[in-house]
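Below: the structure, in structure tokens.
Start at 1 and go down the list; that is how both ligands and their atoms are numbered. A quick note: this is a predicted structure, and the numbers were derived from the prediction, not measured.
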Amino acid sequence: MSSLERVGVSLDQHLLAEFDQLTAKQGYTNRSEAIRDLIRDRLSAEQLEKPTANAVAGIFLVYDHHSTALTNKLLHLQHDHVLNIVASTHIHLDHHNCLEIIIVKDKVQKIQALADKMGSLKGVKLSKTNMISIT
Ligand code: NI
């Protein structure tokens, strides 16, 4: 662990009260930890702006499994990216709908390209990608 450095920050009382309220709602019991997480989150967001930054993402897809052509295309795409796909899981939501979560580790732009390719396939009803930076 790197060494800690203590810093003093001047904040408007109202802003601090709002911050404390928010972090308490989120379950923080320690203001320093909340501030550290906020800084990490901002730094991570900055990293994700770079197309060549390393990242890991969960690609969430909801689709109708009755479309066998779509199921095959999704499988082909996953096999084409086998070295970068860390895991995938399939959940049967109801009679028609499936949720597939594909966890992929790659450069930001490659993850986005794969997510776009999957999300735009005919039959995919909903697609969301949740990406975090890794160093
Ligand atoms: Ni299913």
(message) Between D37 and Y28, is there a side-chain donor-acceptor contact under 3.5 Å, judged purely by atom types and distance?
(response) yes
(message) Just to be sure I understand the site: which N, O or S atoms from the protein are less than 2.8 Å away from the Ni ion (ligand 1)?
(response) H90 NE2, H92 ND1, C98 SG
(message) Assess, by modelled atom type and distance only, whether the side chains of E18 and Q13 contain a donor and an acceptor separated by less than 3.5 Å.
(response) no
(message) Could you tell me if N84 and K110 have a donor-acceptor pair between their side chains, going purely by distance under 3.5 Å?
(response) no
(request) From the options L61, D64, V62, select the one residue that forms a side chain to side chain contact (heavy atoms under 4.5 Å, CB included) with V124. (result) L61
(message) Tell me if the NZ atom of K128 is crowded by more than 12 foreign heavy atoms within 6.0 Å.
(response) no
(request) Can you sort out the partners of H96 under ring-ring contact (aromatic ring centres under 6.0 Å, His included), two or more places apart, ordered by chain and number? (result) H66
